[in-house]
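The basis for the numbers below is simple: all heavy atoms, side chains too, and nothing from hydrogens, waters or symmetry mates.
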Amino acid sequence: MFIVILIICTIIFVIWWLTGASVIIMSITSISLAVAAIPETVLTLVTIALAFGAKKLAKNNALIRKLPAVETQGSVTYICSDKTGRLVIFILQTCTGKL
């Protein structure tokens with residue numbers, strides 16, 4: 001969409017240039033048209049990018065339906081597992097005394 005807007009502004013600039021209009025007025029008009037049209041396309045571009053990202057995540061089974069589960073995982077400092085990769089549920093304690 002962004003490229004289409006730039007192409008349209010360039011076409012308008014060239015048409016006015018061929019008719020003999022002032023270069024300064026053509027430049028200001030083309031730039032103002034681009035600036036006016038681009039903010040409307042930003043929302044579309046972001047939506048499309050997020051849709052493609054969600055599609056890729058869904059393909060890898062990585063979409064999360066419950067946000068609190070992700071927040072809990074994000075607050076974890078260490079994850080302990082044994083050699084098979086199973087998560088350890090028991091509380092680990094350090095011993096400060098002599099053995």
**Asked** Same cluster for Ile24 and Val14 if Ile/Leu/Val/Met/Phe/Trp/Tyr side chains link at under 4.5 Å?
**Response** no
**Message:** Looking at Leu18, I want to see if its CG is surrounded by more than 12 non-hydrogen atoms of other residues, nucleotides or ligands under 6.0 Å.
**Reply:** yes
Pairwise distance [atom1]([X]) to [atom2]([Y]) - rounded to 0.5 angstrom:
X: Ile7; Y: Ile12; atom1: CD1; atom2: CD1; result: 12.5 Å
X: Leu57; Y: Leu50; atom1: CG; atom2: CG; result: 10.5 Å
X: Ser30; Y: Ile11; atom1: OG; atom2: CD1; result: 11.0 Å
X: Phe13; Y: Ile28; atom1: CZ; atom2: CD1; result: 11.0 Å
X: Ser27; Y: Trp16; atom1: OG; atom2: CH2; result: 10.5 Å

**Request:** Say whether, by atom type as modelled, one donor and one acceptor occur between the side chain of Thr29 and the main chain of Met26 under 3.5 angstrom.
**Result:** no
